[in-house]
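Protein chains get the first letters and strands the later ones, always in sequence-line order, with residue 1 at the start of each.
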Amino acid sequence: MGKAPHHLHRFHGGLHLPANKTLSSGSPIRALPIPARLVIPLSQHIGTAADVMVKVGEPVLRGQMIARAQGYVSVPIHASSSGTVVDITDHLIPHPSGLSAPCIIIETDGKDTAVDDTLSADHTQLDPSELRNRIRQAGIVGLGGAGFPSFIKLNPGTNRPIATLLINGAECEPYISCDDRLMRERAADVIGGAAILKHALNATECVIAVEDNKPEAIQALRDAIAQRSVSDFAVVVIPTLYPTGGEKQLIQVVTGREVPSQGLPADVGVICHNPGTAAAVHRVFALGEPLISRIITVTGTGVREPGNVEVRVGTPMADVIAACGGYTDRAQRLLMGGPMMGFAVGNDATPVIKTTNCLLVAGGNELPLPQAPLPCIRCGACVDVCPAKLLPQQLYWYAHAKDFDKVQDYSLFDCIECGCCAYVCPSHLPLVQYYRFAKTEIWNQEREREKADIARQRHEYRLFRLEREKDERAARLQQKQAALKTAKGETTAEDPKKAAIQAALERAKAKKASAGVMPKNTDNLTEAQQQAITNADERRRNRDSSTATRSEDA
Amino acid sequence: MLFPVFSSPHLPAQNNVSRVMGEVLLALLPGILCATWFFGWGVLVNIVIAATTCVAAEAAVLALRGRAVRATLADRSALLTGVLLALCLPPLAPWWIPVIGSLFAIVIAKQLYGGLGYNPFNPAMIGYVVLLISYPRELTLWIPPTGIEAQHLNLNLSQTLALIFTNSLPAETTIDALTMPTPLDATKTAFGLGQTLHEIKASPLFGHFGGVGWEWINLSFLIGGLYLLARRVISWHIPAGLLGGLFLIALVFYGSDTDAFPSPLFHLFSGAAMLGAFFIATDPVSAATTPRGRLLFGAGIGVIAYVIRTWGGYPDGIAFGVLLMNMAAPTIDYYTKPRVFGQSK
């Protein structure tokens with residue numbers, strides 16, 4: 001490359017975890033057969049779910065848009081293969097809640113006929129806004145796991161110039177090797193996609209950061225860069241340390257800059273994308289293919305033939321496992337994602353979606369069920385490993401006590417839920433679970449408060465409106481009366497004396513009413529009665545003042 | 001196929017409280033052996049009595065509270081409290097001394113506050129201070145360490161047990177002949193009599209840089225402490241703060257008058273300095289919990305210990321320093337929150 005070695009930085013804490021990647025990283029990517037049924041959820045990304053465009057019974061083609069984006073933070077969904085829509089219904093989706101959500105169910109015809117290509121183009125001939133539009137139309141979201149619509153990240157705004165496009169090839173979670181295999185086998189796609197992203201962002205440089213435990217991927221990427229002979233691309237080898245693949249941590253390692261709390265990478269001139277996303281973008285422009293398949297790692301001792309497979313979005317997990325030799329007798333738990341940040345899937349009828357990077361079938365005691373927790377002994381092991389430099393033990397204490405103000409004082413929302421604290425906790429506290437609970441509670445409270453605010457505003461406006469209507473009615477009445485008077489003629493106006501008397505009477509009446517002067521039953525009293533009242537008043541005053549003194553003494 | 005669902009992370013935790021406490025107990029071994037070498041069987045007898053009482057008291061209270069007795073005892077924290085308390089006591093203290101101290105430590109200072117994790121004060125130090133205030137005579141009855149041959153009287157195990165449990169001495173010995181003040185105590189008394197440090201140091205109680213025996217005991221606890229640091233059972237902040245604070249304030253006064261104040265090294269290797277720095281002040285439950293806070297917490301103990309040793313009414317001040325700083329720990333934590341990633345400096 002001829003470039004000076006990149007100066008790296010370090011983030012606080014982190015863990016050296018057993019990698020367990022060789023279980024799946026050894027064999028090349030295999031394309032899985034198209035399943036008989038595809039279950040395609042309408043919400044596979046962060047943001048609003050897509051809006052169904054097809055009807056039950058309608059034939060669809062591979063790559064055909066079947067649900068359109070709704071609102072800004074949303075992307076369309078495409079049919080992963082050709083076939084017929086057989087149902088549009090609620091189905092299990094991969095989500096920590098284990099709940100169901102609307103899905104389009106397609107019975108495939110096995111022909112895999114593609115729809116007409118409207119996406120492929122020479123990206124250098126398109127301006128950034130058209131690039132973003134096509135990336136959106138292709139349904140591209142972050143494939144690293146979060147699923148944020150990629151086109152939004154390509155539009156950081158004119159006031160935030162982007163110096164660095166950072167391709168996050170760290171893949172720091174144990175077990176997962178899909179990015180590793182992708183970078184090894186399809187380095188040219190990754191670099192090609194990165195070039196498109198860089199073009200769309202008008203970034204100065206592109207840095208591809210890869211952990212030093214993936215030497216083959218690093219070499220493949222370097223070769224691909226050399227082949228394209230681009231000078232502003234660099235592969236940076238970073239030390240293996242969990243969670244270096246966290247966006248904020250990676251940016252610090254590579255640039256030394258800290259993304260501000262509650263801020264975005266664009267605030268420090270960086271945009272991060274996953275290599276899988278880059279490769280998907282490449283396929284959009286080179287092949288005209290929207291996001292209908294992805295590479296996932298199927299691993300763990302609970303599956304017979306671990307490896308990396310290319311799967312159509314919507315394939316039920318059971319079909320994926322079956323195509324990987326099926327479960328072993330030891331299969332005990334099914335996770336989507338890695339063992340640190342992934343979530344448990346309760347039922348393997350759940351489909352693979354755009355953000356499914358790994359299916360981990362833990363066997364035997366590979367990932368044992370949690371032990372009974374002991375009280376926190378405040379040892380601070382969690383403080384030492386927290387990459388966000390939080391005080392997890394204090395967060396736990398206040399989350400446990402449901403003190404949601406205090407927990408925010410301790411910056412709960414800077415927690416990235418990496419799980420380092422829970423991993424080192426000698427008391428086996430499910431710390432991350434407590435933080436999620438507190439976050440959810442706070443969000444709920446906020447929503448409730450917003451609702452209450454709206455309700456209150458509505459109520460106040462209603463009162464205001466009723467008042468206004470009353471005033472308006474009164475005004476109308478007055479107008480009418482005035483009009484009536486003028487219509488009646490000058491007869492009443494002729495007698496100004498009478499009017500003046502009437503007005504004076506009314507003024508006096510009003511004055512009396514406002515002063516609150518009312519006749520009392522104490523108006524006509526005898527002298528003895530008056531005396532008794534005065535005495536009583538005197539006694540009461542004395543009692544009051546002595547009570548006041550007593551209470552002051554107390 | 002259906003699977004159980006649990007929250008992430010799914011990798012099993014690597015550590016457990018039982019192991020942490022076990023490591024601490026292991027790290028105490030060199031100090032215990034060394035103390036036994038210099039002060040005889042009494043050290044071990046104390047440990048056995050205190051540890052047994054602590055574990056029994058913990059079990060009894062847990063049973064009363066309706067908690068899982070066996071599972072909780074497995075955390076070994078009660079055992080550790082007993083051993084730490086015993087190491088602070090004079091080797092020939094009557095049997096009821098460790099018993100009362102242990103009961104107070106476990107029942108009052110620990111379980112009444114809610115057990116492990118909820119006690120605001122270090123249980124072992126509460127037990128020790130209760131004894132120190134209530135039974136000052138028994139708590140100052142130290143015996144001369146091996147090495148001071150002129151006055152040394154070597155009690156065998158059965159003689160030791162007889163003295164501890166039935167208060168019967170071997171023939172032709174008196175308790176006065178058996179006892180001798182600790183170097184810290186002797187120094188304080190001598191300064192009170194107007195002697196200079198030079199004169200005091202001439203006494204046979206003093207060794208290379210601390211008291212005879214005591215310097216080796218402290219060195220053994222230092223070695224154990226370094227083991228805990230290497231094993232990452234404790235963080236360096238509290239020991240560094242405590243020893244640094246003690247050293248610095250001792251240095252200032254020693255520097256102002258080398259004849260009126262003992263050297264910093266004497267302070268570091270006397271009394272409970274090393275035991276306190278690595279094993280007692282580092283009790284995480286009652287200590288400060290932020291990194292900077294721990295440094296301050298340790299320094300506070302060091303300074304308070306020095307003040308009490310030099311001008312206070314007790315020969316050593318580590319225990320009081322620990323308890324006073326326990327009180328300050330929540331406040332220290334509040335003011336020493338680290339800067340969170342991405343938040344302004």
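Note: A:Y327 and B:F3 meet the aromatic proximity criterion, with ring centroids under 6.0 Å apart.
Around OH of B:Y113, the count of heavy atoms belonging to other residues, nucleotides or ligands within 6.0 Å does not exceed 12.
Looking at A:D348, both its backbone and its side chain come within 4.5 Å of chain B, counting heavy atoms on both sides. Only the backbone of A:Q332 comes within contact range of chain B, with heavy atoms under 4.5 Å apart. With a threshold of 4.5 angstrom between heavy atoms, A:I377 approaches chain B through its backbone and through its side chain. If you measure heavy-atom distances from A:E366 to chain B, the contacts under 4.5 Å come from the backbone alone. Only the backbone of B:A287 comes within less than 4.5 Å of a heavy atom in chain A; its side chain stays farther off.
Note on B:V5, B:T289, B:L2, B:V233: by heavy-atom pairs under 4.5 Å with chain A, the leading option is B:T289.
The two atoms that bring B:G342 and A:E258 nearest to each other are N-OE1, 2.7 Å, heavy atoms only.
Residues of residues 7-19 of chain B lying under 4.5 angstrom from chain A, judged on non-hydrogen atoms, are B:S7, B:S8, B:P9, B:H10, B:L11, B:P12, B:A13, B:Q14, B:N15, B:N16, B:V17 in numerical order. By a heavy-atom distance cut of under 4.5 Å, not one residue of residues 272-279 of chain B is near chain A. The interface of residues 319-333 of chain B with chain A, defined by heavy-atom distances below 4.5 Å, comprises B:D333.
For the pair A:K248 and B:F341, the cation-pi criterion (under 6.0 Å, within 45° of the ring axis) is not fulfilled.
Under the 4.5 Å side-chain criterion, counting only non-hydrogen atoms from C-beta, A:L391 is in contact with B:P338.
To the nearest 0.5 angstrom, A:D409 atom CG is 5.0 Å from B:K337 atom NZ.
B:F247 is linked by a ring-ring contact (aromatic ring centres under 6.0 Å, His included) to nothing, counting only residues two or more places apart in sequence or in another chain.
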